[in-house]
K.L.:
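So that we are looking at the same thing, I have put the structure below in structure tokens.
In this chain, numbering begins with 1 at the start of the sequence shown. Scope of the values below: all heavy atoms of this structure, side chains included, with no hydrogens, waters or symmetry mates.
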Amino acid sequence: MGTIKVKNIRVYAYHGCLIEEGKIGSDYRVDLKVKADLSKSAVTDNLEDTVDYVHLNKIVKQEMAIRSKLLEEVAKRILDRILLEIPIVKQATVAVSKLNPPIGGNVEMVTIEMCKNRD
């Protein structure tokens, strides 16, 4: 089993419960970690035998573009798509962070992290 991490995917999106968040939007950071059997790709040196991190990045960007009230809903969609579209992945973890959240204080970011295993 091996781990592939894609860190600090930066996107601008329109998530949040406040109406203003849907109009103004804000900056987000997404971090991914996937676990898969990488032994075959270590021998074959073929992209088809591993987890393509370009594919992971595409999933994140597409799902972050769909407005949601809660970051948990966005994270669930990302996890579901990773496990649906990339069969080699056995476990995926995603952290979605809203940078400079509008919560009445000097807060760098709020983060939700969720993990899902292949059944």
Side-chain angles (χ1 to χ4, degrees):
M1 194 66 70
T3 302
I4 294 176
K5 297 178 183 179
V6 184
K7 294 184 178 183
N8 202 17
I9 301 168
R10 302 295 289 256
V11 294
Y12 197 84
Y14 298 87
H15 307 301
C17 293
L18 303 175
I19 294 171
E20 297 80 28
E21 292 175 300
K23 294 178 181 176
I24 299 169
S26 64
D27 291 307
Y28 291 84
R29 170 186 171 159
V30 179
D31 297 289
L32 289 177
K33 179 171 69 171
V34 298
K35 294 190 177 197
D37 182 354
L38 303 178
S39 59
K40 183 176 180 182
S41 60
V43 174
T44 66
D45 198 29
N46 286 326
L47 182 60
E48 301 81 36
D49 296 329
T50 191
V51 179
D52 184 353
Y53 47 82
V54 173
H55 190 174
L56 292 172
N57 187 54
K58 181 181 94 173
I59 290 171
V60 168
K61 287 184 173 183
Q62 288 174 345
E63 293 303 325
M64 288 296 290
I66 301 168
R67 177 164 162 64
S68 295
K69 292 178 188 172
L70 300 178
L71 298 180
E72 291 90 328
E73 205 264 338
V74 180
K76 180 188 179 310
R77 288 197 324 261
I78 292 169
L79 291 171
D80 288 347
R81 277 200 54 199
I82 289 170
L83 292 175
L84 176 70
E85 296 178 20
I86 310 173
I88 191 176
V89 172
K90 301 298 181 205
Q91 180 187 70
T93 302
V94 62
V96 181
S97 303
K98 181 181 277 193
L99 307 179
N100 303 308
I103 60 174
N106 186 10
V107 177
E108 181 182 358
M109 73 176 96
V110 293
T111 303
I112 65 98
E113 183 174 292
M114 294 174 67
C115 181
K116 187 169 184 180
N117 294 313
R118 183 170 301 285
D119 295 330

K.L.:
Going hydrophobic residue to hydrophobic residue with side-chain gaps under 4.5 angstrom, can you get from Met114 over to Val96?
P.N.:
yes
K.L.:
Of all heavy-atom pairs between Lys40 and Asp49, which one has the smallest distance, and what is that distance?
P.N.:
CE-OD1, 3.5 Å
K.L.:
Rounded to the nearest 0.5 Å, what separates atom CG in Leu18 from atom CD1 in Ile103?
P.N.:
11.5 Å
K.L.:
If I take atom OH from residue Tyr14 and atom OG from residue Ser68, how far apart are they, to the nearest 0.5 angstrom?
P.N.:
14.5 Å
K.L.:
Any idea which heavy atoms bring Ala75 and Ile112 closest together, and the distance?
P.N.:
CB-CD1, 3.4 Å
K.L.:
What is the distance from atom CG of Asn8 to atom CZ of Arg29, rounded to the nearest 0.5 Å?
P.N.:
4.0 Å
K.L.:
Rounded to the nearest 0.5 Å, what separates atom CG in Asn100 from atom CG in Asn106?
P.N.:
8.0 Å
K.L.:
Side-chain heavy atoms nearer than 4.5 Å, only ILVMFWY residues, links allowed to pass through others: does that put Ile86 and Leu32 together?
P.N.:
yes
K.L.:
Within a reach of under 6.0 Å around CD1 of Ile19, are more than 12 heavy atoms found that belong to other residues, nucleotides or ligands?
P.N.:
no
K.L.:
Between Glu72 and Lys76, does any side-chain N to carboxylate O distance fall below 4.0 Å?
P.N.:
no
K.L.:
So with a 6.0 Å cut-off around CG of Asp45, is the heavy-atom count from everything else above 12?
P.N.:
no
K.L.:
Determine, for Lys116 against Asp80, whether the closest basic-nitrogen to carboxylate-oxygen distance falls under 4.0 angstrom.
P.N.:
yes
K.L.:
Can you tell me which residue among Val94, Asp31, Val60 is in a side chain to side chain contact (heavy atoms under 4.5 Å, CB included) with Ile9?
P.N.:
Val60
K.L.:
Do Arg67 side-chain atoms and Gly16 backbone N/O form a donor-acceptor pair below 3.5 Å?
P.N.:
yes
K.L.:
Mind checking the CG-CD1 spacing from Leu38 to Ile4? Nearest 0.5 Å is all I need.
P.N.:
5.0 Å
K.L.:
Taking all non-hydrogen atoms of both residues into account, name the closest pair between Ala36 and Ile88 and its distance.
P.N.:
CB-O, 3.3 Å
K.L.:
Any idea which heavy atoms bring Val89 and Gln91 closest together, and the distance?
P.N.:
CG1-O, 3.4 Å
K.L.:
With clusters defined by side-chain heavy atoms of hydrophobic residues (ILVMFWY) lying less than 4.5 Å apart, directly or transitively, does Leu47 cluster with Leu56?
P.N.:
no
K.L.:
Got a donor-acceptor contact below 3.5 angstrom from the Asp52 side chain to the Val54 backbone?
P.N.:
yes
K.L.:
Please check if the number of heavy atoms outside Tyr12 that lie under 6.0 Å from its OH is greater than 12.
P.N.:
yes
K.L.:
Thr111 and Ser97: which non-hydrogen atoms are nearest, and at how many Å?
P.N.:
OG1-OG, 2.6 Å
K.L.:
Among Lys98, Lys69, His15, which residue meets the side-chain hydrogen bond (donor to acceptor under 3.5 Å, both in side chains) test with Glu21?
P.N.:
Lys98
K.L.:
Taking all non-hydrogen atoms of both residues into account, name the closest pair between Glu63 and Val74 and its distance.
P.N.:
O-CG1, 4.2 Å
K.L.:
Please check if the side chain of Arg81 supplies one atom and the backbone of Gln62 the other of a donor-acceptor pair under 3.5 Å.
P.N.:
no
K.L.:
Under 3.5 Å, is there a donor-acceptor pair between the side chain of Arg10 and the main chain of Asp27?
P.N.:
no
K.L.:
Rounded to the nearest 0.5 Å, what separates atom CD1 in Ile78 from atom CE in Met64?
P.N.:
6.0 Å
K.L.:
Verify the cluster assignment for Tyr53 and Leu79: are they in a single hydrophobic cluster under the rule of side-chain heavy atoms below 4.5 Å apart?
P.N.:
yes
